[in-house]
Participant: 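Before anything else, here's the structure in question.
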Amino acid sequence: MIIEPRILKGFRDSLPKQERIKRDLIHSLEMQFRTFGFEPIDTPALEYTDVLLGKGSGETDKQIYRFLDNGKRDVSMRFDLTVPFARFMAAHINELYEPFKRYHIAKVWRGENTQKGRFREFYQCDFDIVGVDSMSADFEILLMMYQSLTAIGLDSFTIKVSHRGLFNTFLAHNGIQEQSAEILRTVDKLSKIGETAVREQLCTLTDVAAADRILSFISCGKDFKTAFASLTSLSGGPSEASERLEQIFGMIDELGLNDYFELDASITRGLDYYTGIVYETILTDLPSIGSICSGGRYNELASLYTKRSIPGVGASIGLDRLLAALEELESSTDQGSMVDLIIFALDEHDFSRYHHTAQQLRARGLHVEVFPTKKKLQQQFKYAQKKEIPFGLFIGEDEAASETFTMKNLIEREAFEHISIDDAYTIITSHREHTIDKS
RNA sequence: GUGGAUGUAGUUCAAUGGUAGAGCACCAGAUUGUGGUUCUGGUUGUUGCGGGUUCAAGCCCCGUCAUCCACCCCA
C-alpha cells in the first residue's frame, strides 16, 4: 500500500533552487543585521498556550495551531516571533542588558485561509530593539528596513509610516476613542476599498461629522510637511506622538531617504499591542501581495510576563511572501550553481585520484564534486547541466602520468588541455569573477 | 471560517457524453573524438481523490483535497 505523498494546505516543500535563493536571502539579511550590532536568538516552536494567547485578539485565537501534547499540556505553535520574544525577554532580562538588539529568523504557523503569498507555515525575520523608548531606536529600525531591502536587490518599495498614539490622540480630541479598535481596523482598509467605502463604514460606527474628520485625518496627502501640519492640528496641536513623528521624518530627510518613506495615517496595524510608531512596506510593482515588512513600537508587550517595563520597537520581514513576490516579478536573486567543478568518472580504479584532486581544489576554496559512478559520459554531462556546474575535469591515463588535466567549460563547451591544478584554479576563479561582474 | 473560480503527461495547452492528444522536456539506441545537430523507438496519463447518474463520464451531479480570487485578518 502506497501512501500518497501529499502535504497540508498552506504548507510547502522547498526544492533546491528555491531553497538556495531563500538561504542566500537569509544570509545577506543576517549580514546586514550584524553590521547594526543585532544578535541572533532562537525560541521554541511550541509554547504553552496561555503564554502565546496572553495578549492576542480574538482573531489570533482562531488562527493559532493549538492542541494537547502527550502529557496533556495545552500547547500552541508560535504564530509570530514578537510574542515569544516578549516571553524570552521577561525570562532572561537579568542575564541580558538594555538596550538589547536581536534578530530572529524562523518559521511561524497560522491556520488561516491561503492565498498567493499567504501560507500556513512561513518564515518571519524579526529585528527589534528593546529596553529603550527613543526616537533613535524607532529610526534605526526604519533604517534597517531600508538597508535590508536594498541589500537584497530591491529598490522600488515604499515604507509607510504612521503613529498609533497620534491617531488615538486625534480620536480622544474628537471624543470618539471608545470605538478606537473598530475605527483603526476600518481605516486600515483605505488603500484597499477606497475612500467612499471607508466613509460608509465609519458612519455606522460614529456620526457623519466624525467620519469626515477621520477621513480627512487619514487622507492627509503625501507631502510630509503639509500632511504633518494637518495631522497635528486635527489631533489638537503638538503632542508627544507628533513630536516623535516629526523627529523621525527629520532624520529620514537628513539621511536623504525621502524617496523610500511616506507618512500615511491610514496605516494602523491590526495587532493591538502597538502603542507608537507603526509601519508597513509595499512593493511598488506588486502592491496586491500585501506588506512584506511591517512592525512598530510596542511599549507594554512584556508586561504580560514581568513587572519590569520593557519597551520595544521592531519590524518583521515576511520572507516567504517576499520570495513569492520576487518570483512573481521574475527578479529572483539566484546566484546560480553552488558547484564550480565536477570531476568526471572515467575509470572505476581512479576514484582515489579523483577525490584527491577534488580535495586539493577544495583546499583552495573551490566547490568541487566527484561524479560517484562510471556512467556513460553523456549522463554525466546531463547531471552537470542540471546542476549548472560550469566546469568539468577529465583525469585519464595520460593526464595522470603527466600531472596535467583536460578541463572543459561546460557552458561554452570550450576545452583546456594539458593544464595543471594551478591553471584550473586560475581559470575557474577568473570565470567566477567575470560572471559576478556581469550579474 | 464564509462565498466564488479552477484542477488533464515533468511542463505549457487541446479533446460535442462515444477508444486520451500536440509542442517542449524526459528515457533508450544509432551518429557527432567528450554532451548543443540529425535519425529511430519509447514512458509521456489511477484525467487531483472518492462516490453517483448513464449502455458509455476528462466532460453531468454530490462529496473531498489542493490552488487561485474576494471577505476577514495579516508577513
Side-chain angles (χ1 to χ4, degrees), chain A residues 2-13 15 56-64 78-82 104-127 145 149 181-182 184-186 188-189 191-193 197 201 267-272 274 278-283 286 288-296 314-325 328 342 344-346 371 375-386 389 391-396 398-399 405-417:
Chain A
I2 295 227
I3 298 168
E4 199 187 331
R6 59 191 187 144
I7 52 176
L8 288 165
K9 178 191 180 77
F11 288 69
R12 299 159 306 149
D13 287 327
L15 272 62
S57 57
E59 289 303 322
T60 53
D61 289 20
K62 283 184 215 158
Q63 293 182 358
I64 207 157
R78 64 176 171 224
F79 109 132
D80 70 5
L81 299 178
T82 307
H104 189 185
I105 303 173
K107 279 180 176 175
V108 302
W109 296 269
R110 293 182 194 177
E112 66 173 334
N113 244 343
T114 56
Q115 237 173 74
K116 186 178 286 295
R118 302 180 67 156
F119 314 105
R120 289 187 167 180
E121 176 185 64
F122 58 95
Y123 272 92
Q124 278 198 326
C125 173
D126 272 36
F127 41 96
M145 288 167 68
L149 296 176
E182 289 87 346
L184 286 170
R185 227 175 296 131
T186 308
D188 205 43
K189 298 182 211 163
S191 64
K192 210 154 196 187
I193 62 174
Q201 293 189 16
I267 300 299
T268 62
R269 312 292 304 136
L271 297 170
D272 34 333
Y274 292 116
V278 288
Y279 29 75
E280 289 186 2
T281 309
I282 302 297
L283 293 175
L286 195 62
S288 63
I289 207 157
S291 173
I292 51 140
C293 178
S294 12
S316 180
I317 298 177
L319 220 55
D320 288 282
R321 179 175 287 185
L322 183 57
L323 284 162
E328 182 82 8
I342 182 166
F344 292 119
L346 305 176
F371 197 84
K375 267 193 172 180
K376 282 180 65 173
L377 214 43
Q378 186 168 347
Q379 289 175 318
Q380 300 193 39
F381 276 121
K382 281 271 158 64
Y383 172 83
Q385 192 172 29
K386 206 134 206 167
I389 301 172
F391 288 97
L393 194 66
F394 299 88
I395 308 176
D398 302 344
E399 284 94 346
F405 312 96
T406 297
M407 188 170 74
K408 196 161 177 180
N409 180 323
L410 299 176
I411 296 150
E412 309 291 332
R413 307 207 175 205
E414 173 192 3
F416 303 90
E417 292 180 351

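In what follows, chains carry the letters A, B, and so on, assigned in the order in which the sequence lines appear, proteins first and then strands, with residues in each chain numbered from 1. Treat the numbers as computed from the prediction; the structure is a model and nothing was measured.
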Participant: Counting only side-chain heavy atoms from C-beta out, which of B:rC68, B:rC72, B:rA75 sits nearest to A:Q124?
Facilitator: B:rA75

Participant: Do NZ/NE/NH1/NH2 and the carboxylate oxygens of A:R110 and A:D80 come within less than 4.0 Å?
Facilitator: no

Participant: For the pair A:T281 (side chain) and A:C293 (backbone), establish whether a donor and an acceptor sit closer than 3.5 Å, ignoring hydrogens and angles.
Facilitator: yes

Participant: Which sits closer to the 5' end of RNA chain B, A:D320 or A:L377, going by the nucleotide each is nearest to?
Facilitator: A:L377

Participant: Is the closest basic N to carboxylate O distance between A:E121 and A:R12 below 4.0 Å?
Facilitator: no

Participant: Measuring from the side chain of A:S316 (C-beta onward, heavy atoms only), which nucleotide among B:rG35, B:rC73, B:rA75 has the closest atom?
Facilitator: B:rA75

Participant: Among the nucleotides B:rA75, B:rU34, B:rC68, which one has an atom lying closest to any side-chain atom of A:K408?
Facilitator: B:rU34

Participant: Send over the distance from A:Q201 CD to B:rC71 C1', rounded to a whole Å.
Facilitator: 11 Å

Participant: Can you give me the closest heavy-atom contact between A:I395 and A:F405, atom names plus distance?
Facilitator: CG1-CD2, 3.6 Å

Participant: Considering only heavy atoms from C-beta outward, does the side chain of A:F127 approach that of A:M145 to under 4.5 Å?
Facilitator: yes

Participant: With a 4.0 Å cut-off on heavy atoms, is A:G10 in touch with a base, just the backbone sugar-phosphate, or nothing at all?
Facilitator: sugar-phosphate

Participant: OP1 or OP2 of B:rC74 less than 4.0 angstrom from a side-chain nitrogen or oxygen of A:Q63, does that happen here?
Facilitator: no

Participant: Which pair of non-hydrogen atoms, one from A:L283 and one from A:I292, has the smallest distance, and what is that distance?
Facilitator: CD2-CD1, 3.8 Å

Participant: For A:G392, answer base if it contacts any base atom (sugar-phosphate contacts may also be present), sugar-phosphate if it contacts only those atoms, and nothing otherwise; contact means non-hydrogen atoms under 4.0 Å.
Facilitator: nothing

Participant: With rounding to the closest Å, how many angstrom separate the P atoms on B:rC26 and B:rG45?
Facilitator: 16 Å

Participant: For a salt bridge (Lys or Arg N to Asp or Glu O under 4.0 Å) check, start with the C-alpha distance between A:E112 and A:R118, then their side-chain angles and the critical distance, and finish with the verdict.
Facilitator: CA-CA 9 Å; A:E112 66 173 334; A:R118 302 180 67 156; 2.8 Å; yes

Participant: Using the C1' atom in both, what is the distance from B:rA25 to B:rU11, to the nearest Å?
Facilitator: 7 Å

Participant: Using the ring centroid of each side chain, check whether A:F371 and A:F344 are separated by less than 6.0 Å.
Facilitator: no

Participant: Contact class for A:R6 (heavy atom, under 4.0 Å): base, sugar-phosphate, or nothing?
Facilitator: nothing

Participant: Can you measure from OG (A:S291) to CD (A:E280) and round to the nearest 0.5 angstrom?
Facilitator: 4.5 Å

Participant: Stems involving RNA chain B: give each as a range paired with a range, ordered by first number, where a stem means at least three consecutive Watson-Crick or G-U wobble pairs under 3.5 Å.
Facilitator: B:1-7 with B:65-71, B:10-13 with B:21-24, B:26-30 with B:38-42, B:48-52 with B:60-64

Participant: Atom pairs, N/O to N/O, protein against nucleotides 1-5 of chain B, distance under 3.5 Å?
Facilitator:
| unit_1 | atom_1 | unit_2 | atom_2 | d |
| --- | --- | --- | --- | --- |
| B:rG1 | N7 | A:N113 | ND2 | 3.4 |
| B:rG1 | O6 | A:N113 | ND2 | 3.3 |
| B:rU2 | O4 | A:N113 | ND2 | 2.7 |

Participant: For nucleotides B:rU16 and B:rG29, find the distance between their P atoms and express it as a whole number of Å.
Facilitator: 40 Å

Participant: Which value, in whole Å, describes the distance between the P atoms of nucleotides B:rU53 and B:rA9?
Facilitator: 28 Å

Participant: Classify the nucleic acid contact of A:F119 as base, sugar-phosphate or nothing, counting any heavy atom under 4.0 Å across all strands shown.
Facilitator: base

Participant: Side chain of A:R321 only, heavy atoms from C-beta on: which candidate in B:rC72, B:rU34, B:rC74 is closest?
Facilitator: B:rC74

Participant: What is the distance, to the nearest angstrom, from the CD atom on A:E121 to the C1' atom on B:rC74?
Facilitator: 17 Å

Participant: Identify which nucleotide among B:rC69, B:rU67, B:rU34 has an atom closest to any side-chain atom of A:T114, counting heavy atoms from C-beta outward.
Facilitator: B:rU67

Participant: Expressed as a whole number of angstroms, how long is the span from A:R78:CZ to B:rC74:P?
Facilitator: 20 Å

Participant: Determine whether a donor-acceptor pair (N or O, by modelled atom type, separation under 3.5 Å) exists between the side chain of A:D320 and the backbone of A:Y123.
Facilitator: yes

Participant: How far does CZ of A:R78 sit from NZ of A:K107, to the nearest 0.5 angstrom?
Facilitator: 10.0 Å

Participant: Tell me: NZ of A:K107 to C1' of B:rA75, nearest whole Å?
Facilitator: 15 Å

Participant: With heavy atoms under 4.0 Å as the rule, sort A:C125 into base, sugar-phosphate or nothing.
Facilitator: nothing

Participant: How many angstroms lie between atom CD of A:E414 and atom CG of A:N409, to the nearest 0.5 angstrom?
Facilitator: 6.0 Å

Participant: Roughly how many Å apart are B:rU44 and B:rU12, using the C1' atom of each and rounding to a whole number?
Facilitator: 14 Å

Participant: Rounded off to whole Å, could you give me the CG-to-P distance for the A:L8 and B:rC49 pair?
Facilitator: 19 Å

Participant: Rounding to an integer number of angstrom, what distance separates B:rA20 and B:rG58 when you compare their P atoms?
Facilitator: 8 Å

Participant: What distance, rounded to whole Å, do you find between the two C1' atoms, one in B:rG50 and one in B:rG7?
Facilitator: 15 Å

Participant: Could you tell me the separation between the CZ atom of A:F344 and the P atom of B:rG35, rounded to a whole number of Å?
Facilitator: 11 Å

Participant: Regarding A:L322, tell me which of base, sugar-phosphate or nothing describes its non-hydrogen contacts under 4.0 Å with the strands shown.
Facilitator: nothing

Participant: Is the base of B:rA75 touched by the side chain of A:R110 through a donor-acceptor pair closer than 3.5 angstrom?
Facilitator: yes

Participant: What is the distance, rounded to the nearest whole Å, between atom CZ of A:F381 and atom C1' of B:rG33?
Facilitator: 11 Å

Participant: When you compare B:rC49 with B:rU8, how far apart are their P atoms, in angstrom units rounded to a whole number?
Facilitator: 10 Å

Participant: Could you state the atom-to-atom distance from CD1 of A:I317 to C1' of B:rC74 in whole Å?
Facilitator: 16 Å

Participant: Identify, between A:I7 and A:G117, the residue whose nearest nucleotide on RNA chain B lies closer to the 5' end.
Facilitator: A:I7

